Amino acid sequence: MKKFVLMTAFTVALCAAMSSCGDDEPENDGNVIASAEVSDFGGVRLMSVDGGIDYSYNSDGTLHQVKGFGLNMTFDYKKGLMIADEEGENLEVRFTTSSKGYITGFSSSGTVKEGYVTYNYNVSHKFEYDSSDHITYASVNQVNTDADSHKLEEISMSWKFSWNGDLLSKVEITGQSNGIEGDDQMNYTNHYSYDESVENRFMQYTYGVVESTDLPGIVQTVMYAGLFGKGMSKYPTRVYGFHERNIDYMINSRGLVETENIKYEFDDFTYPIDYTYSSSTKTNPRNAGSALRRMKAQRGDSRYHVNLFRITKI
């Protein structure tokens with residue numbers, strides 16, 4: 001059985017201000033709830049991750065924009081649309097939320113030209129949560145068709161999250177591709193341990209966990225801001241299974257991570273990931289060799305690429 005490995009695009013960003021960074025006033029259209037609570041970490045908002053992903057918010061505290069690495073995503077709650085500008089290309093992605101404001105679905109469609117091949121795609125993402133507001137399941141399905149609507153390929157992936165109380169214990173990732181070039185399958189698991197861990201007071205998601213889930217890039221970047229449920233009640237200190245890494249943290253007086261240090265099994269170097277918040281004046285500018293960019297480059301041998309909005313072959 002072949003294994004194809006997800007490579008998550010980490011080319012996205014979100015800018016943040018505690019009171020106002022946009023003019024939009026989010027509204028509820030029936031299947032989209034605009035909730036400020038999901039992005040509230042003890043009265044502050046996340047401003048940036050690793051000096052390259054920036055977040056901004058509407059005047060009521062709901063997420064407004066994600067910026068960075070050539071991408072600009074804006075959430076329109078009234079229309080239920082996430083509008084993205086990626087290097088001059090405008091894309092529209094529909095989204096839905098739960099009654100608490102957590103995202104339950106993304107969907108998009110379009111036409112793509114790759115080399116001499118042009119195809120149409122329809123892609124949908126779904127997300128489920130438990131009664132404690134932890135994400136328990138995620139899936140993505142994409143169907144590619146030709147100009148005559150004949151199916152060329154279908155790709156499906158799923159993520160099962162297992163929790164022990166408020167602690168994430170493992171994530172099981174499975175997927176398959178069926179198309180004219182043959183079938184492909186994958187199946188792997190990551191585990192999380194909490195030896196000598198410290199309290200995650202506001203249950204925030206951090207890089208060591210988010211990146212190891214191999215979720216699509218659009219999910220990863222918004223996950224930091226809280227729109228995909230509550231994180232763990234402690235900060236995990238080790239990830240093992242398919243990914244192998246040890247993690248330690250510098251925690252500020254509010255109980256939030258200011259610096260997360262990632263030590264990969266295959267590398268002697270420790271990669272620092274810095275976080276800033278709306279009440280912080282700390283700045284940690286990064287150059288092109290930042291941890292996020294390095295990790296993206298090191299994982300470039302993947303068979304499939306789950307990018308922000310669709311799945312493509314590499």
Side-chain angles (χ1 to χ4, degrees), residues 6-16 39 41 45-55 66-69 71 135 138 159 161 167-168 171 173 190-194 197-198 200-252 255-267 269-277 280 282-299 306 308:
L6 306 181
M7 174 184 129
T8 52
F10 216 91
T11 58
V12 69
L14 305 157
C15 108
S39 298
F41 298 116
R45 309 284 174 187
L46 178 67
M47 289 182 66
S48 68
V49 178
D50 201 44
I53 302 177
D54 300 309
Y55 299 75
V66 181
K67 290 182 64 177
F69 299 131
L71 184 74
I135 188 170
W159 293 258
F161 296 75
L167 298 180
L168 178 65
V171 179
I173 302 117
N190 283 317
H191 301 265
Y192 303 86
S193 65
Y194 300 83
S197 62
V198 296
N200 185 354
R201 187 177 302 171
F202 302 106
M203 295 185 172
Q204 66 179 139
Y205 277 104
T206 55
Y207 180 82
V209 173
V210 171
E211 190 266 348
S212 71
T213 65
D214 282 332
L215 284 161
I218 187 176
V219 179
Q220 290 192 12
T221 51
V222 179
M223 203 169 192
Y224 292 114
L227 272 70
F228 284 96
K230 294 180 179 178
M232 301 68 60
S233 60
K234 293 183 178 181
Y235 292 108
T237 54
R238 185 178 175 226
V239 179
Y240 61 98
F242 184 77
H243 293 284
E244 298 282 345
R245 66 196 58 172
N246 294 307
I247 315 168
D248 62 62
Y249 309 85
M250 293 180 61
I251 309 297
N252 65 21
L256 296 165
V257 170
E258 287 212 354
T259 300
E260 178 184 18
N261 295 304
I262 312 291
K263 176 65 168 60
Y264 291 84
E265 293 289 323
F266 59 80
D267 201 332
F269 189 78
T270 297
Y271 297 94
I273 308 292
D274 294 315
Y275 300 79
T276 61
Y277 305 91
S280 173
K282 177 181 177 183
T283 58
N284 292 280
R286 294 282 183 186
N287 57 29
S290 71
L292 296 185
R293 291 175 183 247
R294 282 194 299 265
M295 291 306 99
K296 180 183 175 184
Q298 289 174 353
R299 299 176 61 200
V306 182
L308 296 178

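Owing to the predicted nature of the structure, the values given are computational and were not obtained by experimental measurement.
Side-chain contact between Thr213 and Tyr205: absent, with no pair of heavy atoms (C-beta onward) separated by less than 4.5 Å. At a threshold of 4.5 Å between non-hydrogen side-chain atoms, the residues Tyr194 and Ser233 do not count as touching.
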* Show the numbers, then the answer: is there a side chain to side chain donor-acceptor pair (under 3.5 Å) between Ser48 and Thr276? => CA-CA 5 Å; Ser48 68; Thr276 61; 2.5 Å; yes

* Go through the steps to decide whether Asn252 and Tyr277 satisfy the test side-chain contact (heavy atoms from CB on, under 4.5 Å), and finish with yes or no. => CA-CA 11 Å; Asn252 65 21; Tyr277 305 91; 4.1 Å; yes

* Does the pair Leu167 and Tyr192 meet the rule for a side-chain contact (heavy atoms from CB on, under 4.5 Å), with working shown? -> CA-CA 9 Å; Leu167 298 180; Tyr192 303 86; over 6 Å; no

* To do: Could you walk me through whether Gln204 and Tyr235 pass the side chain to side chain donor-acceptor pair (under 3.5 Å) test, one step at a time?
  => CA-CA 9 Å; Gln204 66 179 139; Tyr235 292 108; 2.7 Å; yes

* Checking side-chain contact (heavy atoms from CB on, under 4.5 Å) for the pair Tyr207/Ile247: CA distance, chi angles, key distance, verdict? -> CA-CA 10 Å; Tyr207 180 82; Ile247 315 168; over 6 Å; no

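Across all their heavy atoms, Tyr264 and Glu211 have their closest contact at OH-OE1, 4.0 Å. Of all non-hydrogen atoms in Thr259 and Pro272, the two that sit nearest each other are CG2-CB, 4.1 Å. The heavy-atom pair separating Thr221 from Ile218 by the smallest distance is OG1-O, 3.4 Å. Contact between Gly208 and Ile262 at its shortest, heavy atoms only, is CA-CD1, 3.9 Å. Heavy atoms only, all atoms of each residue included: Ala138 and Ile135 are closest at CB-CD1, 4.5 Å.
For the residue pair Tyr275 / Thr206, no side-chain donor-acceptor distance below 3.5 Å is found, with atom types taken as modelled.
With Asn190 contributing its side chain and Gly241 its backbone, the two residues share no donor-acceptor pair below 3.5 Å. Looking only at distances, a side-chain donor or acceptor of Ser39 sits under 3.5 Å from a matching main-chain atom of Ala225. Judged by distance alone, the side chain of Asn200 and the main-chain N or O of Met232 form a donor-acceptor pair under 3.5 Å. At least one donor-acceptor pair closer than 3.5 Å links the side chain of Gln220 to the backbone N or O of Leu215.
Rounding to the nearest 0.5 angstrom, the gap separating the OG1 atom in Thr237 from the CG atom in Asp248 is 9.5 Å. Here the CD atom belonging to Glu265 is positioned 10.0 Å from the CZ atom belonging to Arg245, to the nearest 0.5 angstrom.
Annotation: Phe269 is in aromatic contact with Tyr271 [ring centroid separation under 6.0 Å].
Checking each of Glu244, His191, His243 against Ser212 for a side chain to side chain contact (heavy atoms under 4.5 Å, CB included) leaves exactly one that passes, namely His243.
When the shell of 6.0 Å around NZ of Lys234 is examined, it contains 12 or fewer heavy atoms from other residues, nucleotides or ligands.
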